[in-house]
Amino acid sequence: MTTELHETPRGNHPGAGPPSGVALRLHESMLLIRRVEERLRDDSAAGKLPGAVHLYIGQEAVAAGVCAHLTNRDYATSTHRGHGHFLAKGGDVRAMMAEIWAKQEGICRGMGGSMHVADISKGILGANGIVGAGLSIAAGAAFGARLDSDGKVAVCFFGDGAANQGALMETLNIASRWQLPLVYVCENNGFGEFTPAADVTAGRIADRARAFAVPVSEVDGNDVTDVWQTAGEAVRRARAGGGPSFIEARTYRVQGHFEAEAFVLGGGSYRDEAEIEDWRQRDPVARHRSWLIESGTADAAALDRIEAAVRAKVADAVAYAEAGQPADPALAETLMFAPEEG
Ligand SMILES: Cc1ncc(C[n+]2csc(CCOP(=O)(O)OP(=O)(O)O)c2C)c(N)n1
C-alpha cells in the first residue's frame, strides 16, 4: 500500500532529540502501551476477555509523543483504539485493565469496557466507539478551555477513517475562526477496518486543515522524537492563544482492525504479509530503543531494567483485573443517568 496518501515523511527534525529524562520517559510510555497491548492480544486469543479489543501496536509513538506535553488539566479525546491514549495521558493501568475485563474495579466500574476507558479527573475524555465523535467533544473542551483562559489545551486523536467525517470540517471551521486551543492528531494508519485509506480518501488529509488556515505538520508517526517535537510546537501555540494546529502522523496498524477479525474475514485478507513486515522494521519502540543506546542516553542494562519494571506492572494489572468482582448490571441505570434534582 505504498501510495502518496500514506508516504511517510522523514527527517523533519534532523539531529535533534529530546533531553535524556524526556527520552527515557517516552520509551517507558511506549513500552507500557506495547506490553499491555501484547497481553490483551494474547488474552483475547485465549478467550479470556469479555469483549472485542482494538489494539494500538505500532502506533505507540503518537500517543506517547503527544501526551508527554500534557498535564492532567489538559483534555484528550480518543477513539475505539484508545488504550494507548489512556495510558500515555496518565490513566491508571490497573483500572484500565479491570475495565477491559468488565470488573467493578474498572475505571467505569466495568460497565464501559475497552471502547469507553475514561478518567475525567485526568482530562481523559474517553475512548469512543463512534468514529469521529471525539472531534466534536474535543472542540467543545477546547471552547471551554478558551473561556477559562488559563492555558489548558485539548487534543483530539482520530484516524484516517474519521478524517472523512463531516465533523472534521465543521470543527476545523469553528476552531480556526474562534482560535480554539485544539490540537488535531490524525493517526493515518493506512486502514479503516478492512479498507485501505487510499481507496476511500480523496486528496490529502492534511489539506483539509490547510483549507481552514490551520497550521499543518506531517510527521513520521513511528518516530517518537519527530512526534514529540512537532506536538510540542502545537501545544505551546495553543497554550499561548495561537489557536489550533493539525498534525498528520503517518503510521501503521500492525494488528488487525480488532482481535477477532479472522472470524469476520472467513479466511479472506485485505493486505499482504510483506507490507506488515515492512512496517515491523520501522517499529517505533525498537527504533527509539536503538536511538537511546546509539546517542549514549542509556545503556542496554538500564533499558532492560525499565523493561522488567514495565512487565511487572502489566502482570500486576492483569492479576488485579482477574481477581476483581464482575460488573454489576444493576448499576446500569444509576450510572447512566444523573440523579434528578430536588
Ligand atoms: C460513526 C461510525 N461509523 C462507522 C463505524 C464502524 N467503524 C468502526 S471502526 C471503523 C474504522 C475507523 O477507521 P479509522 O478512523 O481510520 O481508525 P482506525 O481503526 O484505523 O484506528 C469503522 C468504519 C463506527 N463505529 N462509527
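Atoms within a ligand are numbered from 1 in the order they appear, just like the ligands themselves.
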query: Roughly how far, to the nearest 0.5 Å, is OG of Ser29 from CG of Leu87?
result: 8.0 Å
message: Counting only heavy atoms closer than 4.0 Å, does ligand 1 sit against the backbone of Gln165, its side chain, both, or neither?
response: side chain
message: Does only the side chain of His257 get under 4.0 Å from ligand 1, or the backbone, or both, or neither? Count heavy atoms.
response: side chain
message: I want to check something: taking the side chain as every heavy atom from C-beta on, are His80 and His257 in contact at a cut-off of under 4.5 Å?
response: yes
Atom indices of ligand 1, in the order listed, that fall short of 4.0 Å to a heavy atom of Asp160: 16 (O)
query: So, do Arg253 and Arg81 sit near enough that their side-chain heavy atoms are less than 4.5 Å apart?
result: yes
message: Which residue and atom name correspond to the protein heavy atom nearest atom 22 (C) of ligand 1, and how close is it?
response: Glu193 OE2, 3.5 Å
message: Check the orientation of Tyr252 and Trp279. Use parallel for under 30°, tilted for 30 to 60°, and perpendicular for over 60°.
response: parallel
message: List ligand 1 atoms under 4.0 Å from Gly192, heavy atoms only on the residue side.
response: 11 (C), 13 (O)
- line: the protein heavy atom lying closest to atom 15 (O) of ligand 1 turns out to be Ala162 N, 3.0 Å
task: Would you kindly specify which portion of Phe191 sits under 4.0 Å from ligand 1, judged on non-hydrogen atoms: side chain, backbone, both or neither?
output: backbone
query: For atom 5 (C) of ligand 1, what's the nearest protein heavy atom and its distance?
result: Val131 CG2, 3.9 Å
task: For residues Leu168 and Phe246, determine if any side-chain heavy atom of one lies less than 4.5 Å from a side-chain heavy atom of the other.
output: yes
statement: Counting heavy atoms under 4.0 Å, the part of Asn189 that contacts ligand 1 is side chain
- prompt: Mind checking whether Asp43 and Arg39 have side chains closer than 4.5 Å, heavy atoms only?
  reply: yes
- request: Around atom 25 (N) of ligand 1, find the nearest protein heavy atom and jot down its residue, atom name and distance.
  value: Gly129 O, 2.8 Å
message: For a 4.5 angstrom cut-off between non-hydrogen side-chain atoms, does Asn128 reach Thr77?
response: no
- prompt: Of the backbone atoms (N, CA, C, O) and the side-chain heavy atoms from C-beta on, which set of Arg81 has a member under 4.0 Å from an atom of ligand 1: side chain, backbone, both, or neither?
  reply: side chain
- prompt: So, do Met115 and Phe258 sit near enough that their side-chain heavy atoms are less than 4.5 Å apart?
  reply: no
- prompt: Under 4.0 Å from ligand 1, counting heavy atoms only, is it the side chain of His80, its backbone, both or neither?
  reply: side chain
- line: With Asp220 as partner, the option from Arg287, Arg282, Arg250 fulfilling salt bridge (Lys or Arg N to Asp or Glu O under 4.0 Å) is Arg287
- prompt: Against heavy atoms of Gly161, which atoms of ligand 1 measure under 4.0 Å?
  reply: 13 (O), 14 (P), 15 (O), 16 (O)
